[in-house]
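Not measured: the values here are computed from a predicted model. If you read the sequence from its start, that first residue is 1, and numbering goes on from there.
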Amino acid sequence: MKKYIALLLVSVFVISCKSKAVAVQNNSAAVVETKTDKKAIDKHYENKLNFKTLYIKSSARYVDEKQSQNVSAEIKIEKDKQILVSVRFLGITMAKALITPTTVSYYEKINSTYYEGDFTSLSKWLGTELDYSKVQNLLIGEALDDLRKGKYTQAIVENLFRLDDEKETNIKKTFFLEPEKYLLQKEQISQPSENRMLEIRYSDNKTFDQGTIPTAIEINAVQPKGKTDINLNYNNITFNEELSFPYSVPSGYKKVIIK
């Protein structure tokens, strides 16, 4: 079941598989120079996608230390309102998730189970704060956190702007922007004391009238129990179509209680 949850929330749930954070083992890449660009964050948000709805057909690969699975995923987004993810194997819907700013619901066929709740209980279970914006941002290539609300030290690493969160906490956050359009290339969240690491890489950006969106997302999560990798490749992307968001739990399914 957990692999379908991870695919469903397209890896913010792999931030899930209990990743209280995720580990940048270290930022060992050579720092060429320290540099401050006060407008770097503002320039990143100049790339913000302008859309009402977004429809994505994607292929997805899930790999952990015990298994691997290739599936297809259909992702529908009504901006800032709802996300519907359908995971299919050989054309059969195996799992579905509906995410809104206040609720998270999903069901999966393998064990005939479903979940309905809010982000509060889910965040406690995951061990890290999760909300609608983080899920949406991950899918469209924006930083998980709102960079405009934090303070960051800056450096250049391998020709990328590296932004390190200045907060003195046991969770470290680092964001990498490319220097031309300041698009997000990589973000890392780590909890070294717990040997937990999440790294998200974006590539193969495609530009539309509505803005630029990555078409390849690689998510690598490390935790004491093992490593999980998810690769998403967006095969078809359309904007501002009239979309429906059908979701209902099949009869006879058992409810999952998350404590």
Side-chain angles (χ1 to χ4, degrees), residues 9-12 15 19-24 27 31 33-54 77-83 99-102 104 118-120 122-123 126-191 197-203 205-215 217-219 239:
L9 296 188
V10 199
S11 90
V12 173
I15 293 178
S19 46
K20 292 184 179 179
V22 180
V24 179
N27 291 318
V31 177
E33 63 176 298
T34 299
K35 182 174 181 178
T36 298
D37 184 340
K38 294 182 179 180
K39 295 183 179 180
I41 291 174
D42 290 338
K43 290 176 181 177
H44 169 65
Y45 286 101
E46 288 178 1
N47 298 301
K48 202 171 184 68
L49 283 174
N50 181 21
F51 68 95
K52 292 182 179 179
T53 66
L54 172 59
I77 302 175
E78 184 179 11
K79 190 175 183 180
D80 301 329
K81 293 183 178 180
Q82 58 182 332
I83 300 169
I99 309 158
T100 75
T102 58
V104 178
D118 59 22
F119 285 101
T120 302
L122 195 59
S123 294
L126 300 181
T128 187
E129 184 179 349
L130 179 66
D131 58 31
Y132 178 90
S133 293
K134 284 182 170 62
V135 180
Q136 182 173 276
N137 289 350
L138 186 148
L139 293 171
I140 64 176
E142 291 186 10
L144 292 180
D145 291 351
D146 188 338
L147 302 180
R148 294 164 293 191
K149 296 181 179 179
K151 292 184 178 180
Y152 302 88
T153 57
Q154 293 188 23
I156 293 180
V157 179
E158 298 179 343
N159 296 320
L160 297 176
F161 274 103
R162 188 182 78 189
L163 306 176
D164 291 292
D165 192 347
E166 292 182 354
K167 289 183 181 178
E168 294 292 335
T169 68
N170 65 337
I171 295 178
K172 297 182 179 181
K173 300 179 181 180
T174 307
F175 304 88
F176 295 81
L177 309 177
E178 54 87 13
E180 293 184 10
K181 295 183 178 180
Y182 296 83
L183 297 168
L184 183 67
Q185 294 291 292
K186 180 170 64 175
E187 53 192 336
Q188 300 170 325
I189 306 171
S190 67
Q191 192 178 31
M197 182 276 288
L198 173 70
E199 180 176 84
I200 304 169
R201 293 176 177 266
Y202 295 96
S203 60
N205 296 298
K206 189 171 182 179
T207 299
F208 297 84
D209 291 340
Q210 293 78 14
T212 302
I213 185 172
T215 59
I217 304 174
E218 179 183 342
I219 304 112
F239 291 92

> So do the side chains of Thr100 and Ile83 get within less than 4.5 Å of each other, counting heavy atoms only?
Replying inline: no
>> To the closest 0.5 Å, what do you measure between CD (Glu78) and CD (Gln136)?
In response: 10.0 Å
> Can you check whether Lys181's main-chain N or O pairs, donor with acceptor, with Glu178's side chain at less than 3.5 Å?
Replying inline: yes
> Can you list the steps and then say if Arg162 with Thr174 is a side-chain contact (heavy atoms from CB on, under 4.5 Å)?
Replying inline: CA-CA 7 Å; Arg162 188 182 78 189; Thr174 307; 3.3 Å; yes
> Can you name the closest pair of heavy atoms from Tyr132 and Lys79 and give their distance?
Replying inline: OH-C, 4.4 Å
> Would Ile41 and Leu163 satisfy side-chain contact (heavy atoms from CB on, under 4.5 Å), going step by step from the backbone distance to the final call?
Replying inline: CA-CA 9 Å; Ile41 291 174; Leu163 306 176; 3.9 Å; yes
> Within the distance-only criterion (no hydrogens, no angle test), does the side chain of Gln185 pair as donor or acceptor with the backbone N or O of Leu177 below 3.5 angstrom?
Replying inline: no
> Rounded to the nearest 0.5 Å, how far apart are CG of Asp146 and CD of Glu142?
Replying inline: 9.0 Å
> Is Lys173 salt-bridged to Asp145, cutoff N-O under 4.0 Å?
Replying inline: yes
>> How close do Pro101 and Asp80 get, counting heavy atoms only, and between which atoms?
In response: CG-O, 3.5 Å
>> As a quick check of understanding, evaluate side-chain contact (heavy atoms from CB on, under 4.5 Å) for Thr53 and Ile77, giving each step before the final call.
In response: CA-CA 5 Å; Thr53 66; Ile77 302 175; over 6 Å; no
> Sub-3.5 Å donor-acceptor pair from the side chain of Tyr202 to the main-chain atoms of Glu187, do we have one?
Replying inline: no
> So, for Thr212 and Thr207, which heavy atoms are closest and what is the spacing to 0.1 Å?
Replying inline: OG1-OG1, 3.0 Å
> Considering all heavy atoms of both residues, which atom of His44 and which atom of Leu147 are nearest to each other, and what is their separation?
Replying inline: CD2-CD1, 4.1 Å
> Out of Leu138, Asp131, Asn137, which one pairs with Lys134 under the side-chain contact (heavy atoms from CB on, under 4.5 Å) rule?
Replying inline: Asp131
>> Can you give me the closest heavy-atom contact between Asn159 and Pro179, atom names plus distance?
In response: O-CD, 3.3 Å
> Rounded to the nearest 0.5 Å, what separation is found between the NZ atom of Lys172 and the CD atom of Glu166?
Replying inline: 14.0 Å
>> Using 0.5 Å steps for rounding, measure from the CD1 atom of Ile219 to the CZ atom of Arg201.
In response: 12.0 Å
> With respect to Tyr182, which candidate in Tyr45, Phe175, Phe161, Phe176 satisfies the ring pair (Phe, Tyr, Trp, His ring centres under 6.0 Å) definition?
Replying inline: Phe161
>> Once rounded to the nearest 0.5 Å, what's the spacing between atom OG1 of Thr215 and atom CG of Asn205?
In response: 7.0 Å
> Just how far is it from atom CD1 of Ile140 to atom CG of Leu49, taken to the nearest 0.5 Å?
Replying inline: 5.0 Å
> If you look at every heavy atom in Arg148 and Lys48, which pair is closest and at what distance?
Replying inline: NH2-NZ, 4.5 Å
> What do the steps show when you test Ile99 against Val135 for side-chain contact (heavy atoms from CB on, under 4.5 Å), and what is the final call?
Replying inline: CA-CA 9 Å; Ile99 309 158; Val135 180; 3.9 Å; yes
